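For clarity, every value in this text was computed on a predicted model and none was experimentally measured. Heavy atoms only: backbone and side chains are in, while hydrogens, waters and symmetry mates are out.
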Amino acid sequence: MITLISILNILHAVFSIPSSFMAAIVITLIAVFICIVVRLLFHIHRYPRKSKIGAGILIIYLACTVCKLIPYIEFMPSEVMPELVATMETDGFLYNNIFTYYSVKRGLSQTDSIYQRTGSHTTMNEQEWIIANTQDTDHYTYIISYGCEISKVTYTMWNSTDSLPVPWNDAIMYPDFFVVDKNNSTIYIYRIDKVLIEAGL
């Protein structure tokens, strides 16, 4: 199932296939897989024992694949306006960087952002200030922006990676940030509702 999603993402990226067309492909695949599952369920009692085991495994695999494909029906990018949490004036930094910080626990699975609030980008040692303002990872994803004032964030399943099997949907999306102003002296911390978007190191 992960391989199929990877192939679909590659097709979308390499051939610049519109997300709406990719969503239509996903809907078609889901319909085909459901038809195969229903057909197997209706006829499985006729199969010999070994074939029943094989058919059962195929049914489970196709059902799991359908569950993983369902989020890819959404073809319009999600758009959110980040909430400003805090700002800090600094003595300056060399580069305008944007990082995201999140921590998601789902059963035995935990997914953390690449950015871990341990590196300083100024001489003011801003980590303690960042840690103090990014505590509520149960509800929010935080955006730590060095010099970029952000008005909007967009993301889509069609620009993502997903490495976990069902029942976990662990797609990490790569967002676009709409920057309205830049400087080299202000650190902004924003938050949005909890979602796995990665703009790490």
Side-chain angles (χ1 to χ4, degrees), residues 2 5-6 9-10 12-14 19 68 71-72 74-201:
I2 300 299
I5 290 170
S6 298
N9 271 317
I10 290 168
H12 173 65
V14 172
S19 298
K68 292 294 278 188
Y72 290 85
E74 180 83 34
F75 64 90
M76 292 296 291
S78 296
E79 183 177 295
V80 293
M81 310 302 173
E83 176 189 352
L84 183 63
V85 176
T87 61
M88 173 188 270
E89 293 300 321
T90 75
D91 55 358
F93 37 82
L94 292 176
Y95 303 106
N96 295 115
N97 288 316
I98 299 174
F99 305 110
T100 52
Y101 179 71
Y102 57 83
S103 183
V104 177
K105 293 180 182 177
R106 292 176 178 153
L108 300 176
S109 166
Q110 178 165 336
T111 305
D112 294 317
S113 59
I114 294 173
Y115 175 75
Q116 288 300 305
R117 308 182 298 182
T118 56
S120 179
H121 295 266
T122 75
T123 59
M124 299 183 69
N125 196 16
E126 72 276 12
Q127 293 103 314
E128 288 185 10
W129 173 77
I130 290 173
I131 290 168
N133 286 286
T134 56
Q135 291 291 315
D136 192 4
T137 54
D138 288 339
H139 300 98
Y140 299 106
T141 292
Y142 291 93
I143 301 165
I144 297 93
S145 173
Y146 286 80
C148 297
E149 188 177 345
I150 299 168
S151 64
K152 183 170 64 174
V153 183
T154 62
Y155 51 88
T156 174
M157 287 294 291
W158 289 105
N159 187 16
S160 68
T161 57
D162 190 354
S163 58
L164 290 181
V166 168
W168 300 283
N169 184 343
D170 196 46
I172 297 172
M173 295 167 283
Y174 303 99
D176 291 315
F177 299 102
F178 290 78
V179 176
V180 295
D181 193 22
K182 284 187 179 182
N183 62 69
N184 66 345
S185 61
T186 308
I187 305 173
Y188 303 90
I189 295 180
Y190 298 93
R191 69 184 184 187
I192 61 174
D193 287 341
K194 188 174 181 176
V195 64
L196 275 66
I197 57 171
E198 185 60 73
L201 303 175

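Between the CD1 atom of Ile150 and the NZ atom of Lys182 there is a distance of 10.5 Å, given to the nearest 0.5 Å. How far CD1 of Ile144 is from CZ of Arg117: 8.0 Å, rounded to the nearest 0.5 Å. The distance from atom CD1 of Ile187 to atom CZ of Phe93, rounded to the nearest 0.5 Å, is 6.0 Å. Expressed to the nearest 0.5 Å, how far CD of Glu198 lies from CG of Asp112 amounts to 10.0 Å. Distance CG/Asp136 to OG/Ser103: 11.5 Å, rounded to 0.5 Å. Note that CE of Met173 and OG1 of Thr156 are 8.0 Å apart. Values are rounded to the nearest 0.5 Å.
Residues Asn133 and Ala86 approach most closely at OD1-CB, 3.7 Å, considering heavy atoms. Listed here is the closest heavy atom pair of Ile143 and Pro82: CD1-CB, 4.4 Å. What you find for Met81 and Ser151 is that their closest heavy atoms are SD-O, 3.4 Å. Scanning all heavy atoms of the two residues, the minimum distance from Met157 to Asn9 falls at O-OD1, 3.9 Å. Across Asp138 and Lys194, no two heavy atoms sit closer than the pair O-CD, 3.3 Å. The heavy-atom pair separating Cys148 from Asn96 by the smallest distance is SG-CB, 3.7 Å.
Distance alone, capped at 3.5 Å, is enough to place a donor-acceptor pair between the Thr100 side chain and the Ile197 backbone. Using a distance-only test at 3.5 Å, with no hydrogens or angles considered, no donor-acceptor pair links the side chain of Thr90 to the main chain of Thr186. Of the possible polar contacts, none joining the Asn159 side chain to the Pro175 backbone as a donor-acceptor pair under 3.5 Å is found.
In this structure Phe177 satisfies the ring-ring contact (aromatic ring centres under 6.0 Å, His included) test with no other residue, sequence neighbours excluded. Taking the ring-ring contact (aromatic ring centres under 6.0 Å, His included) definition, one finds that Tyr72 meets it with Trp158, sequence neighbours left out.
In this structure, Asn183 and Tyr188 have side chains that are in contact, with non-hydrogen atoms separated by less than 4.5 Å. With contacts defined as side-chain heavy-atom distances shorter than 4.5 Å, the pair Met76/Ser19 does not qualify. Within the 4.5 Å cutoff, side-chain heavy atoms of Trp129 are placed close to those of Ile189. Lys152 has its side chain within reach of Glu79: a pair of non-hydrogen atoms, C-beta onward, lies under 4.5 Å apart.
Thr134 and Tyr140 share no side-chain donor-acceptor pair at under 3.5 Å.
Test Tyr102, Tyr146, Phe99 against Tyr115 for ring pair (Phe, Tyr, Trp, His ring centres under 6.0 Å) and you get one pass: Phe99.
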Criterion side chain to side chain contact (heavy atoms under 4.5 Å, CB included) on Tyr190 and Val80, from CA distance to verdict: CA-CA 11 Å; Tyr190 298 93; Val80 293; over 6 Å; no
Derivation of the side chain to side chain donor-acceptor pair (under 3.5 Å) call for Thr161 and Tyr174: CA-CA 9 Å; Thr161 57; Tyr174 303 99; 3.0 Å; yes
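Heavy-atom neighbours of Glu89 CD from other residues, nucleotides or ligands within 6.0 Å: above the threshold of 12.
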